[in-house]
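Here the structure comes first, spelled out in structure tokens, and everything after it is commentary.
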Amino acid sequence: MLHAPIRIALRALSTFYTPQKPLTFSGPDAARKLADLMVVNGQRRPLIVTDSFLLQNGMLDDLITFLKGRSCHVTTFDGIIPNPTFAVVEAGLKASLDNKCDAVFAVGGGSAIDAAKVIAAASTSRKSVKKLTGTLKVDAPLLPFYVVPTTSGTGSEVTNAAVISDTETHKKKFFVDPKYIPIAAAFDTGLLKSLPAPMTAANGMDALTHAIEAYTSRNRFDDTDRDAAMAIKLLFEYLPIAYENGHDEHAREMVALASFLAGFSFTKASLGYVHAISH
Ligand SMILES: [Fe+2]
């Protein structure tokens with residue numbers, strides 16, 4: 001059980017820095033709708049942050065063609081690896097600054113979204129990437145930040161945090177600030193259905209754990225209880241279907257929404273022992 005001062009501090013953080021939910025799009029054209037929102041919002045020089053697998057397998061072709069058709073100058077940074085390091089973030093930051101990018105568009109799993117958050121923050125900050133480590137360290141609004149999650153579990157598309165691995169200390173460094181919450185997220189079923197069954201299951205169990213830990217948290221709120229309960233019900237109903245038939249777009253969409261709701265719930269209500277042990 002948490003000590004009282006930590007519990008009070010958590011409560012204050014959730015109350016005075018209430019996380020805002022990003023706008024969401026879902027369905028087969030969701031990534032395109034999100035790109036359209038970005039263009040209408042006035043950004044024309046997006047940095048797409050992704051991994052080489054997605055890029056080389058042509059899974060971003062539609063999106064890039066669409067953006068170029070809307071007169072965008074597109075820069076792609078495909079250096080994302082699992083558990084991204086400070087060197088990965090620095091390389092992405094260089095791509096952003098060299099190309100004068102005016103938005104960051106993350107496409108990928110939690111690693112891509114986490115790295116993109118810090119790239120978007122460092123692009124506008126006077127601080128170094130290392131100095132952004134910690135809680136409430138972001139000193140300027142991020143570059144407009146949009147996300148297309150291709151996995152359903154981490155909840156990074158809605159959370160206020162990013163995790164970057166420090167290869168010098170062999171520790172995972174946390175970046176926590178409400179400014180890391182994206183403007184909008186797209187659950188694109190065309191991209192989500194590419195996730196293999198074992199990863200669908202593992203990510204889905206992560207989302208389920210987020211929802212249960214938020215629901216049973218002593219730092220609960222009425223809206224986190226509501227969203228966590230909804231996430232649990234959606235996962236019980238649709239995760240087995242998404243696992244059995246990855247091409248079931250309706251099930252993929254529902255699992256993605258469950259992950260989103262679970263991510264919102266734990267951002268505000270916090271997590272429990274399962275995640276404490278895993279760290
Ligand atoms: Fe998790």
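One-based numbering, in listed order, for ligands and for the atoms of each. Below, each value reflects all heavy atoms present in this structure, side chains not excepted, and no hydrogens, waters or symmetry copies.
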**Message:** Looking at every non-hydrogen atom in both residues, tell me the closest pair between V138 and K179 and how far apart they are.
**Reply:**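 Between these two residues, the closest heavy atoms are O-NZ, 3.3 Å.
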
**Asked** In terms of the angle between their ring planes, are F86 and F175 parallel, tilted or perpendicular, with boundaries placed at 30° and 60°?
**Response**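 It falls in the tilted class, 30° to 60°.
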
**Prompt:** Mind checking whether Y238 and H250 have parallel, tilted or perpendicular rings, split at 30° and 60°?
**Reply:**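 Perpendicular, since the angle between the ring planes exceeds 60°.
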
Report the atom name of the nearest N/O/S atom of [X] relative to the Fe ion (ligand 1).
X    : answer
D206 : OD1
H275 : NE2
H210 : NE2

**Lys/Arg cation over aromatic F221: R226, 6.0 Å, 45° cone** =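 No; the conditions do not both hold, so R226 does not lie above the ring face of F221.
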
